[in-house]
Amino acid sequence: MPVHNTDIAAQLNRMADLLEIEDANPFRVRAYRNAARTVKGLSRPVPDLIKQKEDLTALPGIGQDLADKITQIVSQKTFTELKEIQARLPSELPRLMEIEHLGPKRVKQLYQELGISTIKELKAAARAKKIRTIQGFGKKLEHAVLNGLEQMTSESGRILLSEAEERAAPLLAHMKKAQDIDRIKLAGSFRRRKETVGDLDLLICSDTPEKVIKHFTAYADIKKIISRGETLCRAVLSSGLHVDLRVLAPDAYAAGLHHFTGSKAHNIALRKRAVKKNLKINEYGIFKGKKQISVSHEKQIYEILDLAFVVPELREHTGEIKAAEQDRLPRLIQLQDIQGDLHVHTTETDGLAGLEEMVQTAQDMGYKYLAITDHSVQVRIANGMDIPRLEKQIETIDALNDRLENFRVLKGVEVDIRADGSLDLPDDILKKLDLRVCSIHFSHHLSRKKQTERIIKAMENPFFNILGHPTGRLINRRKPYAVDLEKIMAAAKENGCFLELNAQPDRLDLNDDACRLARDMNVKIAVSSDAHDTGGLSHLRRGIDQARRGWLEPADVINTYSCEDLIRMMTRR
Ligand code: DGT
Ligand code: CA
Ligand code: CA
Ligand code: ZN
C-alpha cells in the first residue's frame, strides 16, 4: 500500500507536536517540523526516491537520523520513536492542538491541570466554564476555544485538491496497468480544479468493464468496497477518500466525461438549453428524438448547442454559458504566462533553502525574475528580519544581480501589517526595496470594520504594493478573517495596490469568487507561491488553477508582465 508524502509529513508533525507536549528540546521539535515541510514540498513521492536509491540526506533539513525514520515510515507507516511517545500520551491530544488558539503548551496545561485529553472532554469543560480557571486562559480564550471547536466540527469532509492529487496518482498508475483500457480520466470537482474535493470520479473507457472493475478492486489502498455493479464501483481508500469508478463504452465516452465533470448546475443549464433546441443530453449521449448524435469530443457538445467551448474550471453556472453564447469567454491565464514569483522565503527567516538556491530553481523553471520576501521583525516565530539584516540581504541581492544575466532578483520583504494599520518596518528601509508584500499575521480577530480599516490604512502607505494572503484563511482549519473585500479592492484600486493569490495548497487565498470580484473591479492580482523551499516554488501552478476558476486572464495577473513593467507597477510615487 503506497505511503504518500502527506502521510509522512503528518507523522513527522505529529512527533513534533507530542515532543512539544513533553517539553522536549526545541531544536528536536524544529528538526521534525522542518523535515515535514521538506517532504510536503517535494514534487516526487518519497517511496520513489527510496526505490531509486536516492540519498534522502541531500534534502534540506534531513540528516541521517531523519532519513532513517522516513524510510521506516515508508515501509511500516510509522516509526519506533513515534510509537513510543504515542504509547506514553493519550491518543487525541494531537487533535486538540489543531483547534485554533490551542498549541502544545496550552494542550499540555489542559491535560495536566484538568485531565482533558479528548475533544469531547474539552467541549464539556469549556461549556462548564472550567477552562477559564486555568492560569493564563481566562474567559475570552474559553469563548475562542468553543468557537474553534465549532469550526472544527463543521469541517466539511472535503480534502485539499493537492492531497486528492497525491492520493490519485498511485491509483491512476495502478489502473493504467489494467488490460483493454482506452482512456482514463478523473472528472468531477477534481477536473474542475476546485480547491477541495469531495470524492474522486474516475472514468475509464473500455469495452470490458468487468475486467476493469476487477482490476480496480485489487488496488491495495482500498479499505472498503461500498458497491459493485457492472459498470460502476464505489470504494473507500485507506485515507477515507471515496472513489466512484465508472466504466464508459467508447461511443459514450465524450458524453460521460462531460456529464461526470459537472458541475451539476452547469449540466442542468445545458440540458435546458438542449431541450429548447429539441435535443436531449444525458450521461450516455446527445439525442434527437430516439436518434443518437455521435460525439467523440466534449467540444462537439458545445458546438451542437451553439456555444463556445467552456473549459472545466469555468463550468460552475456562474455566467459561463451566457459568455459562451456571446463568445465572450475569458482567455484564461496559463502557467506558461508566468514570468516570475513574487513571494518566497529563504533561510534568512523561516525558509529551508538559501537565497541562491531559490534563485537557481526559479531560473531552472524558466522565470525571468524572483522576489525575495522574507518576514519582518514582528513575526518572531518566523525569525523576522530587523533593519540591519534586511540591509545586508539587499547588498547580497545587489551583488548577485551583478553576476546574473537575463534574470533579476527583486529585493522584497513580507512586511507585517500591525494591528493599527502601520507597517512593521520604517519607510527609509522599505524604499530601498523593489517591492513589498504586506500581510497580516497577528490580530486576526478584529471586527469586520476594524480589520477593513486596518488594511485600508496600510494601503495608504506609499510603499504598500501587494496584500499577502488577503483573508488569512487556512482551508479546513481557519476561517477567513472578517473583512470587507470589496472595500479593500476599491482602496487597492485607488492607491495602486495589488492583491495576492497565495498558491499554498491550504491557503489558495484569494478564492475563486474573490478573484473574479477583483477582475470585475479592475484590481490586478499577484499569483505567488509563498515558497519556503525550492520544491515549494512549484505550488504556483495551484494558484493558476484557482486564478482560472476566477476567470483571470494574463493581463489581470501582474507576474505575467515583464520585469520592467512590474517594477513600474511597484512604484507608486
Ligand atoms: P465533489 O465530489 O463534492 O467535490 O463535487 P463533484 O462536482 O465532483 O460532484 P459529484 O462527485 O457528486 O458528481 C460528479 C459529477 O456528476 C457532478 O459534477 C455532475 C454529475 N452529477 C452528479 N449528480 C448529478 C445530478 O443529479 N444531475 C446532473 N445533471 N449531474 C449530476
Ligand atoms: Ca466528485
Ligand atoms: Ca462522485
Ligand atoms: Zn505570510
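One is the number of the first residue; the rest follow in order along the sequence. All heavy atoms count here, side chains included; hydrogens, waters and symmetry mates do not. Please read all numbers here as calculations on a predicted model, not as lab measurements. Read the numbers this way: they start at 1 and go in the same order the structure lists the ligands and their atoms.
- For CZ of F442, the number of neighbouring non-hydrogen atoms (other residues, nucleotides, ligands) closer than 6.0 Å is greater than 12.
- H258 is listed as a side-chain neighbour of N267, based on a closest heavy-atom distance under 4.5 Å.
- D201 OD2, 4.1 Å is the protein heavy atom nearest to atom 10 (P) of ligand 1.
- Listed by number with element, the atoms of ligand 1 under 4.0 Å from a non-hydrogen atom of V197 are 4 (O).
- More than 12 heavy atoms of other residues, nucleotides or ligands lie within 6.0 Å of NZ in K524, so this atom counts as buried by the packing criterion.
- Counting just the N/O/S atoms of D201, the one with the shortest distance to the Ca ion (ligand 3) is named OD1.
- The closest approach between D244 and ligand 1 stays at or above 4.0 Å for every heavy atom of the residue.
- Near S263, meaning under 4.0 Å from one of its heavy atoms, ligand 1 places the atoms 18 (O).
- At a threshold of 4.0 Å, the pair R542-E165 counts as salt-bridged, since one of the basic side-chain nitrogens sits closer than that to a carboxylate oxygen.
- Residues R192 and D545 are not paired through a salt bridge, judged by the lack of any N-O separation under 4.0 Å between the basic side chain and the carboxylate.
- The nearest non-hydrogen atom to atom 20 (C) of ligand 1, considering only H259, K264, R271, E195, comes from H259.
- Atom 2 (O) of ligand 1 has D199 OD1, 3.0 Å as its closest protein atom, hydrogens excluded (heavy atom only).
- From the protein, the heavy atom lying nearest to atom 15 (C) of ligand 1 is F260 O, 3.3 Å.
- Among protein heavy atoms, the minimum distance from atom 6 (P) of ligand 1 is reached at S189 N, 3.7 Å.
- Here the N, O or S atom of D199 that is nearest to the Ca ion (ligand 2) is OD1.
- Contact annotation: the side chain of I213 approaches that of V247 to within less than 4.5 Å [non-hydrogen atoms, C-beta and beyond].
- Counting protein heavy atoms under 4.0 angstrom from atom 22 (C) of ligand 1 gives zero.
- Under the 4.0 angstrom criterion for non-hydrogen atoms, K194 is not in contact with ligand 1.
- Between the choices G256, G262, P312, A164, the shortest heavy-atom distance to atom 18 (O) of ligand 1 belongs to G262.
- Residue D244 approaches the Ca ion (ligand 3) most closely through its N/O/S atom OD2.
- Using bins of under 30°, 30° to 60° and over 60° for the plane-to-plane angle, the ring pair H101/H445 lands in the tilted bin.
- Counting only distance, with no hydrogens or angles, the side chain of H215 and the backbone of H174 share a donor-acceptor pair below 3.5 Å.
- Those atoms of ligand 1 with a heavy atom of T261 less than 4.0 angstrom away are 18 (O).
- For atom 29 (N) of ligand 1, the closest non-hydrogen atom of the protein is N267 CB, 3.6 Å.
- Contact between L342 and S528 at its shortest, heavy atoms only, is CB-OG, 3.8 Å.
- Inside a 4.0 Å radius of atom 12 (O) of ligand 1 there is not any protein heavy atom.
- Taking the charged nitrogens against the carboxylate oxygens, R315 and E298 do have a contact shorter than 4.0 Å, which makes a salt bridge.
- No donor-acceptor pair under 3.5 Å is formed between the side chain of D530 and the backbone N or O of H343.
- More than 12 heavy atoms of other residues, nucleotides or ligands shown are found within 6.0 angstrom of CD on Q52.
- Ranking the protein heavy atoms by distance from atom 7 (O) of ligand 1 puts R192 NH1, 2.9 Å first.
- Residue R158 places a heavy atom under 4.0 Å from ligand 1.
- Short contacts between ligand 1 and G188, defined as distances under 4.0 Å to a heavy atom of the residue, involve ligand atoms 8 (O).
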